[in-house]
Amino acid sequence: MDWTKLNMAEVSYYCKSPDVDFVCYPFSCQMEQIILMFYYYGIKQFTTVDIQEFYKKMQIPKMRSEGIIKPAPGQIKKAAGRMENIRFTDDGVFEIIPARNGLYLPFDTSLYTDDIKKGYQKNRICQGDC
């Protein structure tokens, strides 16, 4: 996956800020949000390894215990398999496809962009050299 497509300052804010509470979501909801982020930044395909790498890069802490989340491939496939906006191809790649609804939320990136705008307004997202 092309990680340069992601605005890492925005993604990091979204995943770690108490303003958003991403870390409090169940894993399936986190996956839904990650898919929305990928779609927003123009990423149309990913693998289980990409999701694992995302969690490793973001260092997303576990709820109520120490350490970071390290999702297993089966956990990722199970969560993605329930989403209407994901198609699993024969070569092990997940494709993001247009769908009316996701697992829990409408497939609408405005949910993500609203939180990012608030982060900029509160000066919690780094703009430039930090």
Side-chain angles (χ1 to χ4, degrees):
M1 179 162 62
D2 183 1
W3 294 101
T4 62
K5 288 185 173 186
L6 295 177
N7 180 324
M8 296 307 271
E10 291 176 355
V11 171
S12 182
Y13 165 78
Y14 189 83
C15 292
K16 295 179 179 182
S17 173
D19 297 335
V20 179
D21 288 332
F22 179 85
V23 297
C24 297
Y25 298 160
F27 180 74
S28 55
C29 287
Q30 287 181 359
M31 278 285 296
E32 181 82 15
Q33 295 302 312
I34 292 167
I35 301 311
L36 286 172
M37 283 185 251
F38 286 178
Y39 186 79
Y40 176 78
Y41 292 110
I43 296 169
K44 305 286 194 237
Q45 296 182 334
F46 63 93
T47 66
T48 55
V49 173
D50 294 329
I51 297 296
Q52 290 174 316
E53 185 69 20
F54 179 87
Y55 276 92
K56 185 177 179 180
K57 285 179 181 293
M58 290 295 110
Q59 296 288 295
I60 299 169
K62 293 179 181 178
M63 256 310 263
R64 302 181 187 151
S65 64
E66 293 187 25
I68 60 170
I69 298 173
K70 297 177 184 175
Q75 184 182 18
I76 294 166
K77 288 177 183 176
K78 183 178 178 182
R82 293 189 212 149
M83 296 180 201
E84 293 178 21
N85 52 346
I86 300 295
R87 177 177 42 220
F88 189 67
T89 65
D90 291 336
D91 56 355
V93 175
F94 294 98
E95 292 181 340
I96 301 172
I97 57 174
R100 192 172 58 92
N101 291 310
L103 180 57
Y104 294 102
L105 303 169
F107 194 60
D108 180 0
T109 57
S110 68
L111 299 169
Y112 176 72
T113 55
D114 288 347
D115 283 323
I116 295 304
K117 286 177 188 175
K118 290 175 191 172
Y120 280 114
Q121 290 169 348
K122 293 178 181 182
N123 291 322
R124 295 193 177 161
I125 299 176
C126 178
Q127 298 180 30
D129 294 333
C130 300

Taking atom [atom1] of [X] and atom [atom2] of [Y], what is their separation to the nearest 0.5 Å?
X: Asp114; Y: Thr109; atom1: CG; atom2: OG1; result: 9.5 Å
X: Ile60; Y: Tyr55; atom1: CD1; atom2: OH; result: 5.0 Å
X: Lys118; Y: Tyr13; atom1: NZ; atom2: OH; result: 8.0 Å
X: Ile43; Y: Gln45; atom1: CD1; atom2: CD; result: 11.0 Å
X: Asp50; Y: Phe94; atom1: CG; atom2: CZ; result: 10.0 Å

Grouping I, L, V, M, F, W and Y whenever their side-chain heavy atoms are under 4.5 Å apart, do [X] and [Y] come out in a common cluster?
X: Ile34; Y: Ile68; answer: no
X: Met37; Y: Val49; answer: no
X: Val93; Y: Phe46; answer: no

Provide the closest heavy-atom pair for [X] versus [Y] in the form atom of the first, atom of the second, distance.
X: Lys78; Y: Arg82; result: CE-NH2, 2.8 Å
X: Ala79; Y: Ser28; result: CB-CA, 4.3 Å
X: Val23; Y: Cys15; result: CG1-O, 3.5 Å
X: Ile86; Y: Ala80; result: CB-O, 3.7 Å
X: Ile35; Y: Asn85; result: CG2-ND2, 3.9 Å

- Working for side-chain contact (heavy atoms from CB on, under 4.5 Å), residues Met31 and Ile76: CA-CA 8 Å; Met31 278 285 296; Ile76 294 166; 4.0 Å; yes
- Query: Counting only heavy atoms not in Lys16, do more than 12 sit closer than 6.0 Å to its NZ atom?
  - Reply: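 More than 12 heavy atoms, drawn from other residues, nucleotides or ligands, come within 6.0 Å of this atom.
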- Query: Should we say atom NZ of Lys44 is surrounded by more than 12 heavy atoms from elsewhere, each under 6.0 Å from it?
  - Reply: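 Atom NZ in Lys44 is crowded, with more than 12 foreign heavy atoms closer than 6.0 Å.
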Answer yes or no: is there a donor N or O on one side and an acceptor on the other, between the side chain of [X] and the main chain of [Y], under 3.5 Å?
X: Asn7; Y: Glu10; answer: yes
X: Gln30; Y: Phe22; answer: yes
X: Gln52; Y: Lys70; answer: no

- Without hydrogens or angle criteria, can the side chains of Glu32 and Tyr25 be said to hold a donor-acceptor pair below 3.5 Å?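 Their side chains do not contain a donor-acceptor pair, so the 3.5 Å distance test is not met.
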- Item | Check ion pair Asp19-Arg124 (N to O, under 4.0 angstrom) |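 Yes, Asp19 and Arg124 are salt-bridged.
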- Verify side-chain contact (heavy atoms from CB on, under 4.5 Å) between Val11 and Tyr41, making sure each step is shown before the conclusion. CA-CA 10 Å; Val11 171; Tyr41 292 110; 3.7 Å; yes
- Task: Kindly assign one of parallel, tilted or perpendicular to the pair Phe38 and Trp3, based on the angle between their ring planes and the thresholds 30° and 60°.
- Result: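 Plane angle over 60°, so perpendicular.
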- Message: Does Met1 form a side-chain contact (heavy atoms from CB on, under 4.5 Å) with Glu53? I'd like the steps, not just the answer.
- Response: CA-CA 10 Å; Met1 179 162 62; Glu53 185 69 20; over 6 Å; no
